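Everything numeric here is computed off the predicted structure, so don't read it as measured data. Each ligand, and each atom within it, is numbered from 1 in the order the structure gives.
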Amino acid sequence: MSLDEIRLKIDEIDRELIPLIKKRMECSLEVARIKQAENLPIYHPGREQQILDRVATAAGEDYGVYVSSVYRNMMAVSRALQSDTLFKNAEFGEKILSYPEDMTFKRVICQGAEGAFSHAAANKMFPELTPEFMHNFEDVFKAVEADESAVGILPVENSTAGSVNPVYDLILKYKHCIVKATPVDVSQNLLSIGLAEEVRTVYSHPHALKQCENYIKQHGLKAVEFENTALAAKYVAELNDPTVAAIGSITAAEIYGLAVTAEKIQNNQENITRFIAVSKKPFIAPDSNTVSLAFTIPHEKGSLYSILGRFADCGLNLTKIESRPLGHGFEYKFYIDFSGNIKDERTLSLLSSLESELSYFVFLGNYVER
Ligand code: PRE
């Protein structure tokens, strides 16, 4: 048989399959109506396993695993169809669409000290406000929790050092609304009172030390972790010892009276940190372009795959996926960002469905990222 002939045969088989798939979907919707009336969950893992075992046996050794893969997908689609059609959570959509489009903050809160990269992020996102500094990340969340007019600035990811896991854990703990995000160019510099050649020890935040690992190794320096780049600069200025330096921003050098003895010492010259702004009260700007969510999924084969597939089916581009341990066994909460706006009907419908299907689902925000 030629390629064209085989393809004709496939087309013919597909023509036969479609009415059967549609018939199966109609049955699935009937099941959903019963489940809705009896308040039963959409997902029935026991029933799915029964079907997967049966079809694998029926398809035989050569095709069993492939046929069960087709069915695994088909049942994920069947669940999506059920929730899109019947379980659409109007309450969730109405709540999100009722959020205001803007908000005026009176305070902006960062972690660290003046001259920290959070300071630059705060100036970029809220230039009209003078930042206040907290000792650690959790204090930023607590300050936002206590004051609705305060917005908190937090680093979430660096292009060299990766995710800032403690911040992801706090996002999931406090569930504040993410209202803005921005990338900040991070140039690390050697800051001291003397010459670069005199330096033997460097103090900085663990991420900054990691970003400058090559420089530290090449110059045989002793690296000491400090809470924050700006606080390290402040400490080094107080020590007044030319053998000790901080790694941080040029602004930190200016603020604490240190000399910039070596510039741009980070391994990767394109070193960027992504910062977010969090608020206790939500707002969604009309031109928002990023959505953040957190959820848990059933501890079942293929469940992450099928959830992520739903985003792909809606044409949504995931820009971040992070998993954080739940604290018992190896179960995780997933945090995701994707490009989009919840005013898009398909996006809102997908989120509404997931909200009603998943046992834990948190909408963290839809905001402008630039
Ligand atoms: C179906 C879909 C979802 C359930 O998780 C199990 C099976 C299926 O498509 O076969 C149907 C259904 O909802 C059910 O049998 O409870």
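- Counting heavy atoms only, Arg24 comes closest to atom 10 (O) of ligand 1 of the residues Arg24, Gln82, Arg47.
- For the pair Lys35 and ligand 1, a heavy-atom separation below 4.0 Å is found.
- Contacts between Ser78 and ligand 1, counted as non-hydrogen atom pairs separated by less than 4.0 Å, involve the side chain only.
- Between the side chain of Gln266 and the backbone N or O of Gln211, no donor-acceptor pair lies under 3.5 Å.
- In this structure, atom 4 (C) of ligand 1 lies nearest to the protein heavy atom Glu48 OE2, 3.4 Å.
- Proximity of a side-chain donor or acceptor of Asn136 to a complementary backbone N or O of Asp139 within less than 3.5 Å is detected.
- Scanning all heavy atoms of the two residues, the minimum distance from Ala285 to Val368 falls at CB-CG2, 3.9 Å.
- Within ligand 1, the atoms closer than 4.0 Å to a non-hydrogen atom of Ile51 are 10 (O), numbered from 1 in the order shown.
- For the pair Lys333 and Tyr360, the cation-pi criterion (under 6.0 Å, within 45° of the ring axis) is fulfilled.
- Residue contact check: Met75 has heavy atoms under 4.0 Å from atoms 8 (C), 9 (O), 10 (O) of ligand 1.
- Per-residue contacts place Tyr43 under 4.0 angstrom from the following atoms of ligand 1 (heavy atoms of the residue considered): 5 (O).
- Proximity to Val31 (heavy-atom distance under 4.0 Å) selects the following atoms of ligand 1: 12 (C), 13 (O), 14 (C), 16 (O).
- Ion pairing between Lys234 and Glu227 fails under the 4.0 Å rule for side-chain N and carboxylate O.
- Checking only distances, His44 does come within under 3.5 Å of ligand 1, N or O to N or O.
- Relative orientation of the His205 and His207 rings is perpendicular, given thresholds of 30° and 60° on the angle between their planes.
- You'll find the side chain of Arg274 reaches within 4.5 Å of the side chain of Asp337, heavy atoms only.
- Residue-ligand proximity, Ile42 to ligand 1, at heavy-atom distances under 4.0 Å covers atoms 3 (C), 4 (C), 5 (O).
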